[in-house]
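Reviewing the structure listed below.
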Number of protein chains: 2
Amino acid sequence: MNTKILVVDDETSIRKFLKVSLEANQFEVVEAQNGHEALQKLIESKPSLVILDHGLPDMNGIEVLKKLREWSTVPVIFLTVRDSDEEKVEALDNGADDYLTKPFSLPELMARIRVAIRHSKTEETQPVLAFGKLSLNQATHKSTYADVELKLTSTEYDLIKLLLRSGEKLVPHRMILKEIWGPHSVEHNHYLRVYFGQIRKKLDSAVPGAGEIIENESGVGYRLKPIA
Amino acid sequence: MNTKILVVDDETSIRKFLKVSLEANQFEVVEAQNGHEALQKLIESKPSLVILDHGLPDMNGIEVLKKLREWSTVPVIFLTVRDSDEEKVEALDNGADDYLTKPFSLPELMARIRVAIRHSKTEETQPVLAFGKLSLNQATHKSTYADVELKLTSTEYDLIKLLLRSGEKLVPHRMILKEIWGPHSVEHNHYLRVYFGQIRKKLDSAVPGAGEIIENESGVGYRLKPIA
DNA sequence: TGCCATTTTGACGAAATCTTGACCCCTGCA
DNA sequence: TGCAGGGGTCAAGATTTCGTCAAAATGGCA
């Protein structure tokens, strides 16, 4: 699976140019023409990186950036036509990871994309996440409990990944919902009950009693139980 | 303790300029004039970030970068006089985290430094509130007395958190009620009796007598008993 | 098109938690 | 001695949150 990049720009010519260039470098490209579409596509296609233009028809790039930073940690490279200090500082301080002024050089953009992706890899994408007997291999996309494979759906997989990343730290309901279903679903606590129920059942059928590693703190959130 | 930055440049004027500017922004500055000194200082003073000039007398910046990347993951911002694509790509692909061309704008440099430091701050310090033998881990949402776990409900947890934040200072009834139950419930003093009763009971069953750490000042409020 | 895996929704009992009221104690005071 | 106010304790509802099951909707994909 190639690395997916979301390109947000209202000018078709620039989008096409970036699409062709990025695809020539083995990236998969998702396009958005405005802020709302960008946030929508971000939830749908979970890209590994976002290239965000400053000037958009419905809301400006900074607003999009602030919105997505409420729940996403995806790397963002900001693009702009103007070379203004204030804009740069504003973007970088609001969560942009890099900033390029148009016209930019393609090799430089590619190099900066590699840097951004390198960063997010080292921070989050360790090939194997594990906690106690529960482990998850992000390369093969497989998960095991005590070396017994669990057949998880992709949503179940994402939930386990989220808990594993937090170790024995408690993850609040709303944070889970935001991460997995997007900021619109912050209220749907019922999802959590259903999905953690399914996951517990699969854990139990792998190793009876294993479902207990998923703990609930009533009214607050879920966490993994530290190894006894 | 301030964040430490290693500035590597052979030109004294630029080093001084950066030193003054960085110190004005609450950073601590360590200087090096050449590649060998840079690697030396990196080991000695363990900075949180390196600003590395491309042209150095003994070895060029790329070589320094490659060397330090053999064992260090410290963020590196590359500086150069020439605006060359090849140089940029080479630096970024060899482990530089950002790249700026002289003359650069100071606000932009500061913003990019903040980004780099933000990136490297992956692990947060575990926020533990404690007073005497009572402690509360806000990451795991667990509480202990003398290392015995107390199974608190979320409201009980919030109450203990409130008392812990005030240390041995007295917290008035109305303040507690407003914080936990909202401004509508400022009159319901009965809640406090019931809840602190429950908490005392849980403390006692963890360590007999421990319930006494919650003291009441008649007609005024509650507080934690200073350590004997 | 129809099938299948998955996601979303609804329903319901169980568990945990919160709220309320009854009753006790103690203290200070008339 | 009686009584009022504040505090502590207990336990019975009331309410919220959980866990579970299963039906309906959705979305690829042959």
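Hydrogens, waters and symmetry mates play no part in the numbers below; they use all other heavy atoms, side chains included. We name chains A, B, ... by the order of the sequence lines, and we start the count at 1 in each one.
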Problem set entry | Length of the CD-P vector between Glu217(A) and dG19(D), whole Å | 12 Å

Problem set entry | Among dT19(C), dT20(D), dC18(D), the one nearest Tyr222(A) by side-chain distance | dC18(D)

Exercise. Does NE2 in His36(A) sit with more than 12 non-hydrogen atoms of other residues, nucleotides or ligands closer than 6.0 Å?
Worked result: no

Problem set entry | Spacing between Asn189(B) atom CG and dT9(D) atom C1', to the nearest angstrom | 17 Å

Problem set entry | Atom-to-atom span, CD1 of Ile199(A) to C1' of dC18(D) - whole angstrom | 15 Å

Exercise. If you check every side-chain atom of Val194(A), which of dC18(C), dC18(D), dT8(C) has the closest atom?
Worked result: dT8(C)

Seminar exercise, completed: The nucleotide from dC10(D), dG7(D), dT17(D) with an atom nearest the side chain of Lys201(B) is dC10(D)

Exercise. Using 30° and 60° as the class limits, which term best fits the ring planes of His141(B) and Tyr157(B): parallel, tilted or perpendicular?
Worked result: parallel

Problem set entry | Ser72(B) (side chain) donor-acceptor with Arg69(B) (main chain) under 3.5 angstrom | no

Exercise. Quick one: which of dC18(C), dC18(D), dT7(C) gets closest to the side chain of Thr155(B)?
Worked result: dC18(C)

Exercise. In whole angstroms, how far is the C1' atom of dT6(C) from the CD atom of Glu156(A)?
Worked result: 9 Å

For this session: For Asp204(B) and dC10(D), give me the distance from atom CG to atom C1', rounded to whole Å.
Result: 16 Å

For this session: Determine: side-chain N/O of Lys151(B) to OP1/OP2 of dA16(C), distance under 4.0 Å, yes or no.
Result: no

For this session: Flag yes if more than 12 heavy atoms outside Glu212(A) fall under 6.0 Å of its CD atom; otherwise flag no.
Result: no

Exercise. Given that His190(A) and Gln198(A) both sit by DNA chain C, which one's nearest nucleotide is further toward the 5' end?
Worked result: Gln198(A)

Exercise. Would a 4.5 Å heavy-atom cut-off, applied to side chains only, mark Glu87(B) and Phe78(B) as touching?
Worked result: no

Problem set entry | Nearest-Å distance for atom pair CG/P, residues Leu192(B) and dC18(C) | 14 Å

For this session: Starting from P on dT17(C), measure out to CG on Asn216(A) and report it in whole angstrom.
Result: 9 Å

Seminar exercise, completed: Regarding the side chain of Trp181(B), the nearest nucleotide among dC10(D), dT19(C), dG7(D) is dT19(C)

For this session: Report the nucleotide, chosen from dT17(C), dG8(D), dT20(C), that has the shortest atom-to-atom distance to any side-chain atom of Ser218(A).
Result: dT17(C)

Exercise. Within this structure, what is the CG-to-P distance between Leu177(A) and dT17(D), rounded to whole angstrom?
Worked result: 14 Å

For this session: Answer yes or no: does a side-chain N or O of Tyr195(A) lie under 4.0 Å from OP1 or OP2 of dT7(C)?
Result: yes

Exercise. OP1 or OP2 of dT9(D) sitting under 4.0 Å from any side-chain N/O of Arg193(B)?
Worked result: no

